[in-house]
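Notes to accompany the following structure.
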Amino acid sequence: MRRVMKIVAVTSVAALALAACGSSDDNSSSSSTSSSTKKALKVGLAYDIGGRGDQSFNDAAAAGLDKAKSDLGVTAQEAEATTGESESAKEDRLRTLAQAGYNPVVAVGFAYAGAVDKVAAEFPDSKFAIVDSAKGPKTPTNVTSLLFAENEGSYLVGVIAAKKSKSGNIGFIGGVQVPLIQKFEAGYVAGAKSVNPSIKIQIKYLTQPPDFSGFSDPAKGKTAAQGMLDAGADIIYAAAGGSGGGVFEACKAAGASAIGVDSDQALTADASVRDVIISSMLKKVDVAVFDFIKANQDGTVQGGDQIYDLKKGGVDYATTGGHVDDIKADVDKAKQDIIDGKITVPTTP
């Protein structure tokens, strides 16, 4: 996984991060906008820990940005968080993007919540978006919160896990024990128990806040998964960002199965482990990021909370590899029942 060099001097972190992560497209033009009266946007995007190349959450955001480049002709500058960085470093990163004329600016991950509120207030004429953080009382009106019903998508992969498990023993590994990731857990447990009320579900979080390294530590993911496999689990759902790579390695070695998260990880994970990933909970950050950028270009952007649920197509489950073809009708029924309001999925464990 690609890493940005850790910066000692806080005052220089934003500028150096931008230089390290900036898109090569900044000086390019797009034929898609050459004949258009719309002015191509300059988009700033700040990744969470792990950045572009994490094969999961950040890569989903990157896919939305890449689509905006190709379809809308935008240019972009990308920056990345570093493990253990200060709140001021996040603020500096967003502020540097805004000062350089990037508008809109997208912050990927709830860890940017405070920084977005502060910097957006400093640049009232610019538009900001944050992924995974709901609008709070101090949130300026020029901020859009891109939110997802992760519990609904996780319910579906919980159904898959319970139906595919031969041992009646499955696992859930969360990157960091925060309310957001507990939504994944709640949905997964509810979905699995809807199939088999007596199923055993092992639950493990890799770190506790303020330590967010659980999203970028494959070694911890592998160790946690090995413990679950030794205790009888035969399928593990990894809601742990880049740490999921270690979970997949452990499942591969044990002849077990895994469920990915955010992206279709049967397509994005290391080729050596893709065959153990029977499905992934798709969290369509790419769709939300693209929609936000396009709305800015069209002049139709709205502030506040924008929720992407099953009904809106914001979450789903992956079928790559055909591992769930035999139970697809059952999963789709659960999906439709959620959309129709026949099933209410919990948001907390």
Side-chain angles (χ1 to χ4, degrees), residues 45-50 54-65 67 106-113 116 128-136 139 143-160 172 174-191 212 215 237-242 244 259-265 268 279-295 301-318 331 334-335 338-339 341 343-349:
L45 192 143
Y47 294 109
D48 205 347
I49 295 170
D54 73 345
Q55 304 172 349
S56 184
F57 179 60
N58 287 295
D59 273 359
L65 179 64
K67 179 175 172 60
V106 181
V108 183
F110 62 83
Y112 281 101
V116 166
F128 293 78
I130 182 166
V131 179
D132 282 349
S133 179
K135 183 180 184 297
T139 303
V143 176
T144 302
S145 296
L146 306 177
L147 307 172
F148 299 83
E150 297 93 349
N151 55 319
E152 293 182 355
S154 295
Y155 185 99
L156 302 182
V157 297
V159 170
I160 290 170
F172 172 86
V176 183
Q177 192 168 9
V178 292
L180 173 66
I181 306 304
Q182 289 179 306
K183 283 177 66 180
F184 291 78
E185 176 196 338
Y188 181 65
V189 170
F212 291 94
F215 291 127
Y237 176 29
I259 294 173
V261 74
D262 296 334
S263 301
D264 184 350
Q265 294 197 281
T268 64
S279 183
S280 295
M281 195 287 280
L282 302 178
K283 179 174 173 177
K284 299 185 180 180
V285 178
D286 57 331
V287 173
V289 168
F290 177 82
D291 285 353
F292 174 72
I293 295 172
K294 187 175 188 302
V301 68
Q302 297 180 354
D305 295 345
Q306 303 296 317
I307 301 173
Y308 288 77
D309 57 10
L310 272 177
K311 185 178 292 186
K312 196 172 180 179
V315 293
D316 210 333
Y317 72 101
V331 184
K335 177 179 175 179
I338 294 171
I339 291 172
I343 295 174
T344 301
V345 184
T347 58
T348 57

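In terms of modelled atom types and a separation under 3.5 Å, the side chain of S56 and the main chain of V261 share a donor-acceptor contact. The main-chain N or O of F148 is found under 3.5 Å from a side-chain atom of K183 such that the two form a donor-acceptor pair. Between the side chain of N151 and the main chain of A186, no donor-acceptor pair closer than 3.5 Å is present. A donor-acceptor contact shorter than 3.5 Å links the side chain of T268 to the backbone of Q55. Side chain of D132 to main chain of V108: no donor-acceptor pair is present (N/O by atom type, distance under 3.5 Å, no hydrogens or angles). Side-chain N or O atoms of D309 include none that pairs as donor or acceptor with a backbone N or O of V315 at under 3.5 Å.
The CD atom of E150 sits 3.5 Å away from the NZ atom of K283 when rounded to the nearest 0.5 Å. In this structure, NZ on K135 lies 8.0 Å from OG on S145, to the nearest 0.5 angstrom. Taking CD1 from I343 and OH from Y155, the interatomic distance works out to 3.5 Å, rounded to the nearest 0.5 Å. How far CZ of F57 is from CD1 of I49: 11.5 Å, rounded to the nearest 0.5 Å. For the atom pair D54 CG and F215 CZ, the distance stands at 11.0 Å (nearest 0.5 Å). A distance of 9.0 Å separates CD of E152 from OG1 of T344, quoted to the nearest 0.5 Å.
Closest of all the heavy-atom pairs between K312 and Q306 is NZ-OE1, 4.4 Å. Pairing each heavy atom of S279 with each of A318, the nearest pair is OG-O, 2.8 Å. Taking each heavy atom of D316 and K335 in turn, the nearest pair found is OD2-NZ, 3.0 Å. Across all non-hydrogen atoms, the minimal contact from S133 to F110 is CB-CA, 4.2 Å. Heavy-atom minimum distance, Y112 versus Y47: OH-O, 2.7 Å. When all heavy atoms of D48 and A111 are compared, the closest pair comes out as OD1-CB, 4.5 Å.
The side chain to side chain contact (heavy atoms under 4.5 Å, CB included) with V131 is formed by just one residue from the set L147, N58, L146; it is L146. Checking L45, L65, V285, T144 one by one against V106, the side chain to side chain contact (heavy atoms under 4.5 Å, CB included) holds for a single residue, L45.
Proximity of F184 to D262: side-chain heavy atoms (C-beta onward) are separated by under 4.5 Å at one or more points.
Take S263 and apply the side chain to side chain donor-acceptor pair (under 3.5 Å) test, not counting sequence neighbours, and it matches no residue.
Classification of the Y237-F172 ring pair by plane angle, with boundaries at 30° and 60°, yields perpendicular.
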Going through the distances and angles, do D291 and Y308 end up as a side chain to side chain donor-acceptor pair (under 3.5 Å)? CA-CA 11 Å; D291 285 353; Y308 288 77; 3.1 Å; yes
Stepwise, does the side chain to side chain contact (heavy atoms under 4.5 Å, CB included) test hold for V178 with F212? CA-CA 10 Å; V178 292; F212 291 94; 4.1 Å; yes
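Heavy atoms of other residues, nucleotides or ligands lying less than 6.0 angstrom from NZ of K311 number 12 at most.
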